[in-house]
Amino acid sequence: MNVDLWFKWLNAVVLVGSVATNVFLFFSSKRDTRFARVNACLQTLTDKQLSEASSRKAHDGELDKRISVMEEKVKGLPTHDDLEQIRGELATIGANVATVSERSRVTMDSMRRIENHLLERNR
């Protein structure tokens, strides 16, 4: 016989033995009580994780609602550029008020002099 043929037969025997061993271990593990306890513990952990996940999901839902409300409130707030524009306009208004105030002071001084002159003249 050829050496390659022997290796093919040997590989076939190893494959059949491996499949038989895995089938045996699968069915014997189903009857083993240790695995039943492990499965019970895993089920308990899974139940806890599910309850935690549902509470987390509820909390995330509340958080989503709160974030949505905040986003709606923030939409109406002015941006940095808006505030800078307002600041510039207020500076311009302040300069205009200062100019008007100076003109008003000069006008009031002129009116007082005219008033004093007229009062002196009528005496």
Side-chain angles (χ1 to χ4, degrees):
M1 281 200 129
N2 193 346
V3 175
D4 287 334
L5 189 62
W6 278 102
F7 279 122
K8 285 181 184 179
W9 277 103
L10 184 61
N11 283 337
V13 169
V14 168
L15 179 67
V16 170
S18 175
V19 169
T21 303
N22 284 324
V23 169
F24 171 75
L25 289 174
F26 176 76
F27 285 113
S28 66
S29 68
K30 292 287 187 176
R31 288 181 268 125
D32 197 351
T33 59
R34 293 176 297 170
F35 289 110
R37 284 183 277 155
V38 169
N39 285 334
C41 290
L42 286 176
Q43 184 63 36
T44 304
L45 287 175
T46 306
D47 292 342
K48 286 180 184 177
Q49 289 171 343
L50 286 175
S51 66
E52 289 174 2
S54 64
S55 67
R56 198 174 319 120
K57 191 173 187 180
H59 179 266
D60 290 347
E62 290 176 17
L63 190 60
D64 285 343
K65 289 176 188 174
R66 290 173 43 198
I67 289 173
S68 297
V69 168
M70 290 301 295
E71 286 174 345
E72 289 298 318
K73 288 181 179 179
V74 168
K75 280 183 184 177
L77 294 177
T79 63
H80 178 71
D81 294 335
D82 295 337
L83 293 175
E84 286 298 319
Q85 183 181 3
I86 291 170
R87 181 177 293 167
E89 290 177 9
L90 285 175
T92 304
I93 291 170
N96 290 341
V97 167
T99 303
V100 169
S101 177
E102 182 63 27
R103 287 182 186 164
S104 297
R105 189 186 60 75
V106 169
T107 304
M108 288 299 291
D109 289 344
S110 298
M111 285 182 58
R112 282 192 190 113
R113 275 182 289 167
I114 293 171
E115 187 180 69
N116 286 337
H117 175 71
L118 290 175
L119 284 174
E120 293 288 326
R121 192 171 160 213
N122 286 336
R123 284 190 190 175

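Note that the structure is a prediction, hence the values are computed from the model and not measured.
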Starting at [atom1] of [X], measure out to [atom2] of [Y] and round the result to the nearest 0.5 Å.
{"X": "Ser110", "Y": "Arg112", "atom1": "OG", "atom2": "CZ", "result": "10.5 Å"}
{"X": "Gln85", "Y": "Asp82", "atom1": "CD", "atom2": "CG", "result": "6.5 Å"}
{"X": "Thr92", "Y": "Glu89", "atom1": "OG1", "atom2": "CD", "result": "7.5 Å"}

>> Salt bridge or not between Arg105 and Asp109? Use side-chain N to carboxylate O under 4.0 Å.
In response: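 Looking at Arg105 and Asp109, the cut-off is met.
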> Is a salt bridge present between Glu72 and Lys75, judged by a nitrogen-to-oxygen distance below 4.0 Å?
Replying inline: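 Looking at Glu72 and Lys75, the cut-off is met.
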>> Can a donor-acceptor pair be found, under 3.5 Å and without considering hydrogens, that links the side chain of Ser101 to the backbone of Val97?
In response: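 No, the answer is negative, given that no donor and acceptor are paired below the 3.5 Å cut-off.
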>> Among Glu120, Arg113, Arg121, exactly one meets side chain to side chain contact (heavy atoms under 4.5 Å, CB included) together with His117. Which residue is that?
In response: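 The side chain to side chain contact (heavy atoms under 4.5 Å, CB included) with His117 is passed solely by Arg121 among Glu120, Arg113, Arg121.
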> Mind checking whether Met111 and Val106 sit in one hydrophobic cluster, side chains of I, L, V, M, F, W, Y counted as touching below 4.5 Å?
Replying inline: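 No, Met111 and Val106 fall in different hydrophobic clusters.
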> Can you hop from Val16 to Val19 via hydrophobic side chains spaced under 4.5 Å?
Replying inline: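 No, no single cluster joins them.
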> Is there a side-chain contact between Lys73 and Val69, using heavy atoms and a 4.5 Å cut-off?
Replying inline: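 Sidechains of Val69 and Lys73: in contact.
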>> If hydrophobic residues (ILVMFWY) are linked whenever their side-chain heavy atoms come closer than 4.5 Å, directly or via other members, who joins Leu118 in its cluster?
In response: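 Leu118 shares its hydrophobic cluster with Ile114.
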>> Other members of the hydrophobic cluster containing Val14, with the 4.5 Å side-chain heavy-atom rule, please.
In response: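 In the cluster with Val14 there is nothing else; it is isolated.
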